[in-house]
Amino acid sequence: MIENPTREEIGQILKDSKRIAVVGLSDNPHRTSHSVSKAMQDQGYEIIPVNPTIDSALGVKAVSSLEEIEGTVDIVNVFRRSEFLPGIAKEFDKIDAKVFWAQLGVMNEEAYSFLKERGYTVIMDRCIKVEHALTK
């Protein structure tokens with residue numbers, strides 16, 4: 001069963017975080033991943049687009065995979081379909097990242113269990129923009 005941190009814990013995570021890698025970030029301004037990430041960028045977060053099919057998004061050069069990111073990532077925010085989460089979770093486990101966050105409507109028990117067994121903070125089926133607004 002997927003159990004998210006409390007709203008207070010989520011608020012603290014967002015206060016403590018600065019760098020958000022966005023898996024599946026689109027360069028199309030009409031896509032949810034773009035508008036949500038832009039809102040977070042406007043709130044002062046550093047956004048790192050992770051998408052092998054684009055050159056850049058929100059004025060930032062995209063990387064093809066999480067493993068291409070240098071340095072620590074506070075949150076990996078995932079805008080991919082639920083069936084892709086196990087593979088993304090395995091890649092997440094190889095980098096220096098703290099929180100695995102799957103957007104609203106995205107969840108996967110296998111990925112959740114894999115990450116929790118390794119001691120990571122996992123948030124699934126929640127919109128980071130909404131949670132940020134609710135916990136400011």
Side-chain angles (χ1 to χ4, degrees):
M1 189 179 94
I2 294 169
E3 197 173 309
N4 284 319
T6 65
R7 178 135 295 139
E8 291 73 28
E9 290 167 330
I10 289 173
Q12 195 58 53
I13 288 165
L14 289 167
K15 283 179 187 67
D16 294 343
S17 298
K18 299 281 173 268
R19 293 182 92 204
I20 304 173
V22 184
V23 178
L25 176 52
S26 174
D27 57 1
N28 178 342
H30 301 293
R31 299 296 303 242
T32 304
S33 65
H34 190 279
S35 58
V36 167
S37 297
K38 169 110 179 67
M40 298 308 286
Q41 189 182 54
D42 291 346
Q43 291 295 321
Y45 292 92
E46 178 187 351
I47 301 295
I48 304 161
V50 183
N51 185 336
T53 67
I54 64 169
D55 291 325
S56 66
L58 303 171
V60 182
K61 185 168 173 26
V63 295
S64 297
S65 69
L66 290 173
E67 293 178 72
E68 287 181 35
I69 299 170
E70 292 183 19
T72 302
V73 175
D74 297 310
I75 298 171
V76 171
N77 189 17
V78 183
F79 282 91
R80 296 288 314 275
R81 292 196 311 268
S82 297
E83 64 263 28
F84 293 112
L85 289 184
I88 297 166
K90 288 181 178 76
E91 195 181 336
F92 173 94
D93 188 42
K94 294 178 188 167
I95 70 165
D96 184 10
K98 298 177 182 130
V99 179
F100 186 95
W101 191 311
Q103 270 301 122
L104 195 62
V106 181
M107 60 192 119
N108 181 291
E109 293 271 351
E110 179 190 339
Y112 179 84
S113 298
F114 173 86
L115 294 164
K116 290 304 280 184
E117 285 165 10
R118 284 156 181 78
Y120 292 111
T121 299
V122 182
I123 300 166
M124 291 189 172
D125 191 26
R126 292 282 188 276
C127 177
I128 198 167
K129 179 181 161 190
V130 169
E131 294 299 323
H132 184 266
L134 290 172
T135 59
K136 272 209 278 198

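Quick note: numbers below take in every heavy atom, side chains included, and nothing from hydrogens, waters or symmetry partners.
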Does any non-hydrogen side-chain atom of [Y] lie less than 4.5 Å from one of [X]?
| X | Y | result |
| --- | --- | --- |
| E3 | Y112 | yes |
| M40 | N77 | no |
| V106 | R80 | no |
| Q43 | L14 | no |
| L104 | V130 | no |
| V23 | F84 | no |

Which value, rounded to the nearest 0.5 Å, describes the distance between [X] atom [atom1] and [Y] atom [atom2]?
| X | Y | atom1 | atom2 | value |
| --- | --- | --- | --- | --- |
| L25 | I47 | CG | CD1 | 7.5 Å |
| D74 | Y45 | CG | OH | 9.0 Å |
| D125 | W101 | CG | CH2 | 11.5 Å |
| E131 | I10 | CD | CD1 | 4.5 Å |
| K116 | T121 | NZ | OG1 | 6.0 Å |
| I88 | S82 | CD1 | OG | 10.0 Å |

Checklist entry - Which heavy atom in N4 sits nearest to a heavy atom in I123, and how many Å separate them? => result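 Minimum heavy-atom separation between N4 and I123: OD1-CA, 3.1 Å.
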Checklist entry - Of the non-hydrogen atoms in A39 and K129, which two are nearest, and what is the gap between them? => result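 Answer, listing the atom of A39 first, then K129: CB-CD, 3.7 Å.
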Item to check | side chain to side chain contact (heavy atoms under 4.5 Å, CB included), paired with L66, selected from D93, I48, V50 | outcome: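 Single pass found, and it is V50.
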Membership question, hydrophobic clusters at under 4.5 Å side-chain separation (ILVMFWY): are [Y] and [X] in the same one?
| X | Y | result |
| --- | --- | --- |
| V99 | V78 | no |
| M107 | V122 | yes |
| F114 | L85 | yes |
| I2 | I13 | no |
| V76 | M124 | yes |

Item to check | Between T72 and D96: side-chain donor-acceptor atoms closer than 3.5 Å | outcome: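 Checked: T72/D96 side chains pair up, N/O donor to acceptor below 3.5 Å.
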Checklist entry - Does the side-chain contact (heavy atoms from CB on, under 4.5 Å) test come out yes or no for L58 and V22, once each step is laid out? => result CA-CA 11 Å; L58 303 171; V22 184; over 6 Å; no
Next on the checklist: In this structure, is the centre-to-centre distance between the rings of Y120 and F100 below 6.0 Å?
Outcome noted: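 Here the rings of Y120 and F100 have centres that are no less than 6.0 Å from each other.
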Checklist entry - Any side chain to side chain donor-acceptor pair (under 3.5 Å) pairs touching residues 17-37, not counting sequence neighbours? => result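 Sorted result for residues 17-37: R19-E46.
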Item to check | Residue R81 excluded, over 12 heavy atoms near CZ under 6.0 Å | outcome: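 Not buried by this count: 12 neighbours or fewer within 6.0 Å.
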Checklist entry - Counting only heavy atoms not in D42, do more than 12 sit closer than 6.0 Å to its CG atom? => result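 Yes, enclosed.
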